Amino acid sequence: MSLGWEAALDSCLRLAEPRGRESVPRAQALGRILAEPVVIDRDYPSGDLSMMDGYAVGAATDQPWRIAGENTPGHGPGEPLAAGTARRIFTGAELPAGATRVLPQELVALEGGLLRVTEAPEGAFVRARGSEGRRGETALFAGSRLTPADLAILATVGAQPVIVTARPRVAHLVTGDEVMGAGERGEPGSRIRDSNSDLVAAILRGIGQRVREHRQVRDDRAATDRRVAEMADLCDVLLISGGASVGDHDHARPALEAAGFHFEAHRLEVRPGKPIGLARRGRQWAVALPGNPVSHLVALHVFVLPLLQVLEGAPPARTRLQRAVLDAPVVRAVPKRDTFWPSMARWSDEGWRLTPCRFLSSGDLLGIAGADALLLLRAGADVPHPGDPVFFLSLAPEFSNP
Ligand code: AMP
Ligand code: MG
């Protein structure tokens with residue numbers, strides 16, 4: 001029985017359990033999900049610091065002041081401020097005891113060694129101790145995916161190592177007697193080079209992950225059973241390229257079932273990619289992916305990336321569709337299944353604009369050169385024309401750890 005692809009994906013994502021946690025050096029934490037809150041180790045800033053080059057003075061307004069001493073960054077507060085004096089101070093230096101504000105040097109005049117304000121300063125120009133964070137408070141919350149700004153925060157609070165969620169280990173098995181290595185020449189005809197292994201590797205690299213193991217197997221039931229059984233024991237997610245459908249030479253499903261996987265969804269109402277199947281064995285997942293390269297690409301983005309996100313501990317996220325305006329005609333007939341049409345997205349002053357690629361069939365890999373988006377055409381909905389609003393899924397990596 002076929003199921004709506006969104007309902008099928010949602011129900012699989014609800015069944016997917018995150019993998020746990022691990023500790024990584026700060027330098028490897030970019031794009032990872034924090035498994036524990038990060039706590040501020042001391043008041044921030046840890047002293048009262050000047051925000052400007054100028055002069056530190058007390059609360060009293062009895063100018064002029066005599067200048068006594070100099071505070072530079074990293075050298076402490078120095079002697080307390082004596083009555084009637086101002087301290088020369090620089091950005092980032094600690095204020096002396098008794099000082100409450102800094103007069104920026106642009107707003108004062110020095111005459112005969114005496115300091116006067118020439119223009120009333122707006123503000124005290126002091127970052128007070130603890131004003132940005134107190135020791136023990138939370139700097140970063142569990143569940144956040146670490147951005148470059150977050151990494152700077154980890155450095156500032158001295159967090160090392162960092163406790164993040166573990167990422168699923170992914171393996172990729174290529175099936176097909178016709179498939180040869182990407183470096184092979186082979187006889188022309190029905191033999192084709194393997195492009196799916198490079199595709200999966202590149203998509204995973206885009207999100208800071210890698211394929212732990214790439215293997216290949218011929219279209220033979222016993223050989224596929226053996227290969228699936230041994231690979232499944234070494235990974236959290238086994239991706240199988242090809243043989244996903246129900247033909248006489250399609251062994252992905254029977255081999256996965258023989259290895260103890262249960263299909264939670266199979267043959268979904270989506271184009272390209274209908275043969276896709278998602279199977280589970282306890283906390284492990286296997287995805288039977290259509291071998292056709294364009295279907296492989298669509299299925300990886302629409303089904304596998306959300307699954308990897310949830311296994312990594314991110315909240316289940318619906319396929320994130322964005323709005324665009326269609327730039328060129330796409331299809332003439334209303335699609336019978338929801339269709340992801342490979343396209344190129346271009347940013348303009350009015351937002352995203354989408355140009356559909358040539359897409360003769362799900363084998364037409366050459367037609368999708370430059371594709372960085374999938375235009376979603378809903379089954380039964382009116383065919384969009386140039387200038388019409390449309391929705392698309394971006395193929396650009398959303399989370400990374402290069
Ligand atoms: P399958 O899903 O096994 O029925 O394969 C469908 C079609 O996808 C095959 O006829 C091949 O042309 C193509 N194909 C299968 N595996 C690969 C691969 N690894 N790389 C490129 N194309 C493939
Ligand atoms: Mg095949």
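Since the structure is predicted, the reported quantities are computational estimates derived from the model, not experimental observations. What you see below is based on every heavy atom in this structure, not just the backbone, and it leaves out hydrogens, waters and symmetry mates. Atoms within a ligand are numbered from 1 in the order they appear, just like the ligands themselves.
Closest to atom 4 (O) of ligand 1 among all protein heavy atoms lies D250 OD1, 4.2 Å. The nearest protein atom to atom 17 (C) of ligand 1, hydrogens excluded, is given as N196 ND2, 3.4 Å; this is a heavy-atom distance. At the shortest separation from atom 16 (N) of ligand 1 among protein heavy atoms lies V179 CG2, 3.6 Å. When only non-hydrogen protein atoms are considered, atom 22 (N) of ligand 1 lies nearest to I192 CD1, 3.2 Å. Among protein heavy atoms, the minimum distance from atom 3 (O) of ligand 1 is reached at G243 N, 2.8 Å. Shortest contact from atom 2 (O) of ligand 1 to any protein heavy atom: G291 N, 2.8 Å. What sits closest to atom 21 (C) of ligand 1 on the protein, heavy atoms only, is S195 OG, 3.2 Å. Scanning the protein for heavy atoms near atom 7 (C) of ligand 1, the closest one is N292 OD1, 3.5 Å.
Which parts of ligand 1 touch R193 is read off a 4.0 Å heavy-atom cut-off, strictly below it: atoms 20 (N), 21 (C). Residue-ligand proximity, D194 to ligand 1, at heavy-atom distances under 4.0 Å covers atoms 18 (C), 19 (N), 20 (N).
D198 and R205 are not joined by a salt bridge, as no carboxylate oxygen comes within less than 4.0 angstrom of a charged side-chain nitrogen.
Look at G363 and you'll find every heavy atom at least 4.0 Å from all atoms of ligand 1. A heavy-atom separation below 4.0 Å is found between S241 and ligand 1.
Side-chain atoms of W285 never come within 3.5 Å of backbone atoms of D236 as a donor-acceptor pair (strictly under, hydrogens ignored). In this structure, the side chain of R267 does not engage the main chain of G277 through any donor-acceptor pair within 3.5 Å. Looking at D220, its side chain does come within 3.5 Å of a backbone N or O of A223 through a donor-acceptor pair. Between the side chain of D53 and the backbone N or O of T91 there is at least one donor-acceptor pair closer than 3.5 Å. In this structure a side-chain-to-backbone donor-acceptor pair under 3.5 Å is present from Q216 to V179. In terms of modelled atom types and a separation under 3.5 Å, the side chain of R145 and the main chain of G31 share a donor-acceptor contact. Panel note: side chain D327, backbone T355; no donor-acceptor pair is recorded below 3.5 Å.
For the pair R271 and F340, the cation does not sit on the ring face, since its NZ or CZ is not both under 6.0 Å from the ring centre and inside 45° of the axis.
The heavy atom nearest to atom 11 (C) of ligand 1, out of those in E178, H296, Q216, is found in E178.
Using a 4.0 Å cut-off between heavy atoms, V174 contacts ligand 1 through its side chain alone, with no backbone atom that close.
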